[in-house]
Amino acid sequence: MRNLAVACLAATLTSSPVAQGQNVVKYQATIQNVKYVYGPAEPVARLKPGDVLDTNTLDCFGNAIKKPGDTLSMIKGDNPLTGPFYIEGAQPGDILAVKILDLQVDGDQGIGAFAAGFGAINSTNYTPMLGASLPERIWFYPIDHQTKTATFRALDSKYSVKIPLHPFFGCIGVAPANGEVRSSIVPAEFGGNMDSPEASAGNTVYFPVNVPGALLYLGDGHAAMGDGEVAGTAIEVPLHARVQVDVIKGRKIGWPRFENEDAIMTVGAYRPLDDCVRIAFTELVGWIHEDYGLSELDAYELLSKVAKIHLNEMVDPNYVVVASVEKKFLPPKKAK
């Protein structure tokens, strides 16, 4: 069985250097090799710090919904994940940095859907209400790669409107701590189903490393999404992705973080929503104190004046909020 596994891996995985001296690891995900949980699993590939991963992800339906008449009963599982990828040298107590270099919609249409018991303003197992559940319905969104738009077409009228594309990972995360295994629909301290538009090209995501190799998972591509993801889906699409991994040794964080040239951002994932906000801002105060030198009380006061809050989603088992501050409001970063 071991030889067979190696042979299968060789068929889907190649590694080749690029001109800049970086190593590019290529991996092809299919419905046969995806996972549906974050946790310990045999790595599909190993990367060294500085390597670039070139791979694909399936949409949250496993690419099963293709045409009118298809139903959600055709789905094998929610949010199939590409991975896990083992990052050499990553150990518990380190930080895994994932720089998202490029994300492209890998297909010509996206999907939106109502599913029973899922959504922000319909009856769920967390918020039961008398009355019938909303019926299952599926919308198809044609993708125009030239204009970088998707088209919403109403089902109950002739209305349509174009939506700008903003591709991002709905799912990106690492194996949880303490040998825990978590469903691919859950966001938490390890990342996971954060449904964060911040997980897009040009941004770096930081994760706490909980197990040797970190075990990075990717999936649940979105072409665009409104704040809150209120009906339970974004414009769900497969993606083609290029990300670069790195390891920050001896630095520990409790929750995922995002960063780009202009801002630093922290994640809170929990229920109720006010606890999400508390987690995100506590993490942001700590980041400013540790890396930018302000006292915790000064950072707290400053954030009260200039911080921003983004409600990413309020439909998953945990809700997700991102708190951010623009770097122009912060002192120079401390030398390490």
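- A salt bridge is absent between Lys48 and Asp246; no separation between the charged side-chain nitrogens and carboxylate oxygens falls under 4.0 Å.
- A 6.0 Å sphere centred on OH of Tyr300 holds no more than 12 heavy atoms belonging to other residues, nucleotides or ligands.
- Gln104 and Asp102 share a side-chain donor-acceptor pair at under 3.5 Å.
- Counting only distance, with no hydrogens or angles, the side chain of Ser183 and the backbone of Val186 share no donor-acceptor pair below 3.5 Å.
- Atoms CG and CG, from Asp51 and Asn23 in turn, are 4.5 Å apart once rounded to the nearest 0.5 Å.
- Applying the 6.0 Å contact sphere to CD1 of Ile121 captures no more than 12 heavy atoms from other residues, nucleotides or ligands.
- Salt-bridge annotation for Arg182 and Glu180: present, with a side-chain N of the basic residue lying under 4.0 Å from a carboxylate O of the acidic one.
- With respect to Glu261 and Lys327, no salt bridge is recorded, no charged nitrogen being found less than 4.0 Å from a carboxylate O.
- Every residue two or more places apart in sequence or in another chain that forms a ring-ring contact (aromatic ring centres under 6.0 Å, His included) with Tyr217 is listed here: Tyr38.
- Separating the CG atom in Leu218 from the CG atom in Leu239 is a distance of 9.5 Å, to the nearest 0.5 Å.
- Classification of the Tyr27-Phe85 ring pair by plane angle, with boundaries at 30° and 60°, yields perpendicular.
- Looking at Ser196 and Asn312, their side chains do bring a donor and an acceptor atom within 3.5 Å of each other.
- Ionic pairing of Asp275 and Arg271 is not present here: no N-O contact between side-chain nitrogen and carboxylate oxygen is shorter than 4.0 angstrom.
- Because its NZ or CZ atom is both nearer than 6.0 Å to the ring centre of Trp287 and within 45° of the ring axis, Arg257 counts as a cation-pi partner of that residue.
- Ionic pairing of Asp54 and Lys26 is not present here: no N-O contact between side-chain nitrogen and carboxylate oxygen is shorter than 4.0 angstrom.
- A side-chain donor from one of Asn260 and Asn203 sits under 3.5 Å from a side-chain acceptor of the other.
- Ile253 and Leu215 are not part of a single hydrophobic cluster, where members link through side-chain heavy atoms under 4.5 Å apart.
- Contact detail for Glu236 and Asp220: the closest heavy-atom pair is OE1-OD1, 3.0 Å.
- Checked for salt-bridge contact, Glu290 and Lys334 miss the test: no charged N lies under 4.0 Å from a carboxylate O.
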